[in-house]
2 protein chains.
Amino acid sequence: MSGATTRAHIVDAADQLFYQHGYEHTSFAAIADAVQLSRGNFYYHFKSKDDILDAVISARLARTKHMLEQWEAEEVDPACRVRKFVHILLTNRVDIQSYGCPVGTLTTELAKLRHASFAEANGLFTLFRAWLRDQFVLLGHDAAADSLAMHLLAFSQGVATLANAFLDEEFVRREVQQMCDWLSAQTATAERGVHGRHEQTSA
Amino acid sequence: MSGATTRAHIVDAADQLFYQHGYEHTSFAAIADAVQLSRGNFYYHFKSKDDILDAVISARLARTKHMLEQWEAEEVDPACRVRKFVHILLTNRVDIQSYGCPVGTLTTELAKLRHASFAEANGLFTLFRAWLRDQFVLLGHDAAADSLAMHLLAFSQGVATLANAFLDEEFVRREVQQMCDWLSAQTATAERGVHGRHEQTSA
DNA sequence: GTCTATAATATGATAGAC
DNA sequence: GTCTATCATATTATAGAC
């Protein structure tokens with residue numbers, strides 16, 4: 001097997017295991033088992049476990065960037081794009097109920113470990129935050145765009161955490177519905193703001 | 001030192017360390033260091049690390065129960081009580097920014113570990129959930145009370161996770177303010193419901 | 001009730017053969 | 001590029017002295 005391919009396989013397996021069992025709880029042995037490789041051989045591809053983590057984060061960043069670009073390509077209406085974000089809670093519901101949000105749970109774990117890669121992992125949040133902000137700017141919420149983006153991120157994290165804790169599908173559907181309703185109201189407000197009166201400042 | 005006292009000290013230290021660094025990342029050595037005791041002596045008080053976890057969860061459950069009773073004693077108005085819950089995000093803001101929510105982060109970690117004590121840890125969420133539900137019932141939201149309780153829990157988890165990720169005090173204050181405003185609107189709705197028309201069903 | 005060994009295991013990481 | 005040892009360390013847990 002070529003070096004690049006093996007490396008990609010390792011990153012893939014580590015990505016899944018870090019998500020499912022957490023970074024610290026995932027041992028080299030577990031990754032080796034998943035890719036059917038000897039432990040020793042790992043160090044040909046990565047110099048340490050932290051190195052694998054960095055590779056996993058890079059892969060997630062690239063994948064997320066690509067997904068957000070896809071969303072922009074698929075939907076021209078920024079309101080629809082934002083709804084697409086809200087709906088990942090349903091799209092990934094089963095995994096979220098089992099393992100929580102891959103972004104939130106990794107960030108939380110690395111924060112507790114005071115891990116050097118905390119900032120890189122947080123870059124995943126920043127990617128979503130900036131993308132959502134852009135959509136809200138397009139919707140006319142200039143000053144409040146970033147606050148709205150953070151509000152949506154908080155919503156998704158809260159729902160993911162409780163979905164994982166209570167394994168309650170109805171709860172997830174209800175919250176997604178409520179958020180979509182709220183978004184429609186916000187969009188209507190922005191429209192009025194654009195056409196009629198000045199946009200309110202954030203906070 | 002008496003057995004009961006030493007045991008309480010161990011639980012205290014473990015409680016803090018589990019919160020600050022996570023359950024798995026906290027070693028016996030770290031707890032021993034904190035309470036100035038030899039590793040070996042631990043097994044006189046607890047038969048395993050999981051046993052300490054159970055003791056920590058029990059302590060947290062008792063402490064939380066007591067706190068909720070205090071809140072009920074201090075405020076007669078259920079709306080004020082609910083606001084008290086929302087305001088823990090400000091009361092514990094510094095710790096939350098550093099380590100996240102003690103309930104949410106433990107539950108998330110134990111879920112990933114598929115740990116036997118996951119259900120017990122989740123009891124902390126259930127405690128808040130039931131208490132909040134009771135307050136909303138008192139406010140006249142009979143059918144929607146549990147949904148509202150879950151909504152508030154999700155809110156607090158989302159804000160805590162992002163506060164931990166972005167260390168943004170203004171974000172926390174803004175979200176707390178928004179939630180309090182939303183609660184006032186909900187309370188007003190319930191009042192109208194009680195005096196004028198039938199309460200809406202959940203969902 | 002607390003201590004000092006010490007066992008048993010698992011981990012991240014290295015060396016060197018093929 | 002992959003393997004089989006092997007190391008050093010850290011972990012949970014036990015045994016037995018005081």
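Proteins get letters first, then strands, A, B, ... in listed order; numbering begins at 1 in each.
- Annotation: B/Phe46 is not in aromatic contact with B/Phe28 [ring centroid separation under 6.0 Å not met].
- Under the 30°/60° scheme for interplanar angles, the aromatic rings of A/Tyr23 and A/His115 are found to stand perpendicular.
- One atom, OH of B/Tyr23, and another, P of D/dT11, lie 14 Å apart when rounded to the nearest Å.
- Taking 4.0 Å as the cut-off between side-chain N and carboxylate O, A/Glu170 and A/Arg174 do not count as a salt-bridged pair.
- The NZ-P distance, from B/Lys49 to C/dA10, rounds to 15 Å in whole Å.
- Between A/Leu152 and A/Phe85, the shortest heavy-atom contact is O-CE2, 3.8 Å.
- Rounding to whole angstrom units, CG of residue A/Asp50 and P of C/dG12 are separated by 10 Å.
- Within 4.0 Å (heavy atoms only), A/Ser27 reaches sugar-phosphate atoms of the nucleic acid but no base atom.
- Here D/dT12 is the nucleotide among D/dT2, C/dG12, D/dT12 with the atom lying nearest to any side-chain atom of B/Arg39.
- Atom CZ in B/Phe42 sits roughly 13 Å away from atom P in D/dT11 (whole-Å rounding).
- Using cut-offs of 30° and 60° for the angle between ring planes, the A/His141 and A/Phe136 rings count as perpendicular.
- When the C1' atom of C/dA17 is taken as reference, atom OH of A/Tyr44 falls 16 Å away, rounded to whole Å.
- For the pair B/Glu24 CD and C/dA10 C1', the computed distance is 12 Å after rounding to whole Å.
- Heavy-atom nearest nucleotides on DNA chain D were determined for B/Ser48 and for A/His45, and the one closer to the 5' end corresponds to A/His45.
- Note: CD1 (B/Ile31) to P (D/dA10) measures 17 Å, nearest angstrom.
- Nearest to the side chain of A/Phe28, among C/dT2, C/dG12, C/dT4, sits C/dG12.
- At the heavy-atom level, A/Tyr43 lies under 4.0 Å from base atoms of the strands shown.
- Between the C1' atom of D/dT12 and the NE2 atom of B/His115 lies a distance of 13 Å, rounded to the nearest Å.
- Regarding contacts with the backbone of D/dG1, every side-chain N or O of A/Asn41 stays at 4.0 angstrom or more from both OP1 and OP2.
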